[in-house]
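Both ligands and their constituent atoms are indexed starting at 1 by order of listing. Residue indices begin at 1 and follow the sequence shown.
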Amino acid sequence: MIPFVVATSKTDPKPIIIVEESNFDEWLTAQSDLHKSWIDSRGFEAIGGKTLLLPGAAGDIEAVIYVKDGDWNVWSLADLPSTLPKGIYAVTAEFTEKEATDIAIGWSLGTYSFDRYKKNDKKYATLMLPKGADKDMVARTVKAVTLVRDLVNLPAGDLGPAALEAAASQVAGEFEAEQGNIVGEDLLTYHFPMVHAVGRAAADAPRLIDIIWGDKDAPKVTLVGKGVCFDSGGLDIKSAAGMLMMKKDMGGAATVLGLAHMIMDANLPVRLRVLIPAVENAISGNAFHPGDILTSRKGKTVEIGNTDAEGRLILADALAAADEEKPDLLIDVATLTGAARVAVGTEIAATFTDDDALFADIAKHSELEKDPVWRLPLWGEYRHLLDSKFADINNAGSGGYGGAITAGLFLKEFVEKAKSWVHFDIMAYNVRSRPGRPVGGEAFTIRALFALINERYGKS
Ligand code: BES
Ligand code: ZN
Ligand code: ZN
């Protein structure tokens, strides 16, 4: 279900009058005495982002003033659908196509709520689609962000590996993509030993979800997402506080499904592949142990320093499989480390790549889309922190410092042939509410990445 509330039919909308903050006093002098005294009596402070309802002669709402400061962005009006009285509104200003599209996206996302388990009776205000907006792009973005948020918000009890596979099948089915899933013991047959090891203790079987779509000769874009439907930490068990939010540990998987949905919906001329190792990191008699040495798909042996560093294990096998076909662009997204959250906080995607040109493009689109990223280094001199006495590599960095970097370096060992690779370590969750972004699951990086892939490979 998409909360797509942008009206397009001819109605009688109430205007949202845009007034620049710096221009407010001048604007006010030109208003009617009724409105002047109303604004005065409200003690209205003309600060960017604020709104004020203007009364009509009959006591109804005649218009809304919106004070604008700075450039338009996707979140500029995202608070309005929930704060304005129910009704239909229209923005009167002139917009570029991007601005108009962003405003409609933000407005629509401002009506998002996760109401599967608790009814939400809130009524939202409706916006006429701003002139010049790309309606398909609005629908595409809102649908993808909604999908990601919903998947992250679903509790682990209702979204285990099998249910995540079903969600992926729904996305694949919508666009007639090919899907091959490798489940349970078959992971051993088809050489995904670390996906099997991490997920085998759970009642819901581990699996590798593999979706392929598009012209086989088109540029290969491959997305890999961490699909840990619940991360208990395994035998190196997490604390209660550390475990509480771990339903969101499939946030990377949700993100790449959302991005894949956008790419297929836009029919971008790429050969898309989505790989999602989907597991629950559970505790049982057959759980993998600290000290175990696993042989990965790539053949490298991995000593388990900590079973809670499970994401990099399942991603390593998925990345190795992705790498085998030498993709042009390989992107992985994962709720990989607490250390990334210490480094850049909860609202920025920590970004790792050795490809400077790729990062420059990511940074550009991140800025344009207000989809924040910050680059951290794949600092080779820290590789020794992953040394193991008896195996090729340890899955947990020693010493406890630079944990997001050592996690990135671990993944790097499994990517060799891809022309370009980037790794995102994300929160996948809003811990505070902001306009258009309620507390709960969040789609980090997808708007920036869609813009990048569209620019690089889209039809011009
Ligand atoms: N899923 C967690 C990382 C995580 C924790 C992301 C909190 C966001 C918020 C991951 O599987 C994990 O537990 N990583 C460990 C690795 C350590 C044992 C080397 C971590 O970050 O502490
Ligand atoms: Zn973990
Ligand atoms: Zn995890």
Side-chain angles (χ1 to χ4, degrees), residues 152 156 159-161 164 194-195 197-199 201-202 206 224-255 276-283 287-292 302-318 332-350 352 376 382-383 385-388 393-411 413 423-432 439-442 444-445:
V152 174
L159 191 91
L164 182 55
M194 299 208 293
V195 181
V198 170
V224 177
K226 172 176 173 182
V228 176
C229 294
F230 190 74
D231 184 9
S232 71
L235 286 170
D236 285 357
I237 189 168
K238 284 186 183 293
S239 66
M243 208 186 290
L244 193 56
M245 295 250 279
M246 283 301 129
K247 69 169 185 182
K248 75 171 178 74
D249 213 18
M250 35 54 69
T255 304
I276 296 173
V279 302
E280 176 180 342
N281 189 17
I283 297 174
F288 74 129
H289 315 86
D292 279 356
V302 180
E303 180 183 0
I304 304 306
N306 194 316
T307 62
D308 198 9
E310 82 299 336
R312 65 195 72 181
L313 300 172
I314 64 171
L315 287 172
D317 276 357
D332 82 74
V333 188
T335 50
L336 201 61
T337 67
R341 308 290 55 93
V342 175
V344 296
T346 59
E347 295 171 7
I348 298 171
F352 299 83
L376 294 180
Y382 290 165
R383 171 60 181 79
L385 296 170
L386 294 167
D387 285 349
S388 159
I393 194 165
N394 195 298
N395 79 326
S398 61
Y401 293 115
I405 296 172
T406 50
L409 289 174
F410 182 93
L411 297 180
E413 298 269 322
H423 156 59
F424 293 97
D425 194 336
I426 63 161
M427 181 63 177
Y429 208 87
N430 295 318
V431 297
R432 63 163 176 153
V439 168
E442 186 55 277
F444 285 66
T445 71

Checklist entry - Do D317 side-chain atoms and I314 backbone N/O form a donor-acceptor pair below 3.5 Å? => result no
Item to check | D332 (side chain) donor-acceptor with G225 (main chain) under 3.5 angstrom | outcome: no
Checklist outcome for this item: Between the CG atom in L235 and the CD1 atom in I304, the distance rounded to the nearest 0.5 Å is 11.0 Å
Next on the checklist: Closer than 3.5 angstrom, by distance alone: can the side chain of T335 be matched with the main-chain N or O of I426 as a donor-acceptor pair?
Outcome noted: no
Checklist entry - Any Lys/Arg nitrogen of D231 or K247 sitting under 4.0 Å from an Asp/Glu carboxylate oxygen of the other? => result no
Checklist entry - Which N, O or S atoms belonging to the protein are less than 2.8 Å from the Zn ion (ligand 3)? => result K226 NZ, D231 OD2, D249 OD2, E310 OE2
Next on the checklist: I need the minimum non-hydrogen distance between P206 and G199, along with the two atoms involved.
Outcome noted: CD-O, 3.5 Å
List below, pair by pair, the N or O atoms of ligand 1 and of the protein that are less than 3.5 Å apart, including the distance to 0.1 Å; reply 'none' if no pair qualifies.
from: ligand 1; atom 1: 1 (N); to: K226; atom 2: NZ; distance (Å): 3.3
from: ligand 1; atom 1: 1 (N); to: D231; atom 2: OD2; distance (Å): 3.2
from: ligand 1; atom 1: 1 (N); to: D249; atom 2: OD1; distance (Å): 2.9
from: ligand 1; atom 1: 1 (N); to: D249; atom 2: OD2; distance (Å): 3.0
from: ligand 1; atom 1: 1 (N); to: T335; atom 2: O; distance (Å): 3.4
from: ligand 1; atom 1: 11 (O); to: K226; atom 2: NZ; distance (Å): 3.2
from: ligand 1; atom 1: 11 (O); to: D231; atom 2: OD2; distance (Å): 2.9
from: ligand 1; atom 1: 11 (O); to: D308; atom 2: O; distance (Å): 3.0
from: ligand 1; atom 1: 11 (O); to: E310; atom 2: OE1; distance (Å): 2.8
from: ligand 1; atom 1: 11 (O); to: E310; atom 2: OE2; distance (Å): 3.0
from: ligand 1; atom 1: 13 (O); to: K238; atom 2: NZ; distance (Å): 2.8
from: ligand 1; atom 1: 13 (O); to: D308; atom 2: O; distance (Å): 3.1
from: ligand 1; atom 1: 13 (O); to: D308; atom 2: OD1; distance (Å): 2.8
from: ligand 1; atom 1: 13 (O); to: D308; atom 2: OD2; distance (Å): 3.1
from: ligand 1; atom 1: 21 (O); to: G338; atom 2: N; distance (Å): 2.8

Item to check | Donor-acceptor under 3.5 Å (N281 side chain, S232 main chain) | outcome: no
Next on the checklist: Does this structure show an ion pair linking K248 with E442, if we count only N-O contacts that are shorter than 4.0 Å?
Outcome noted: no
Next on the checklist: Could you measure the distance from the CG atom of L409 to the CZ atom of R312? Nearest 0.5 Å is fine.
Outcome noted: 10.0 Å
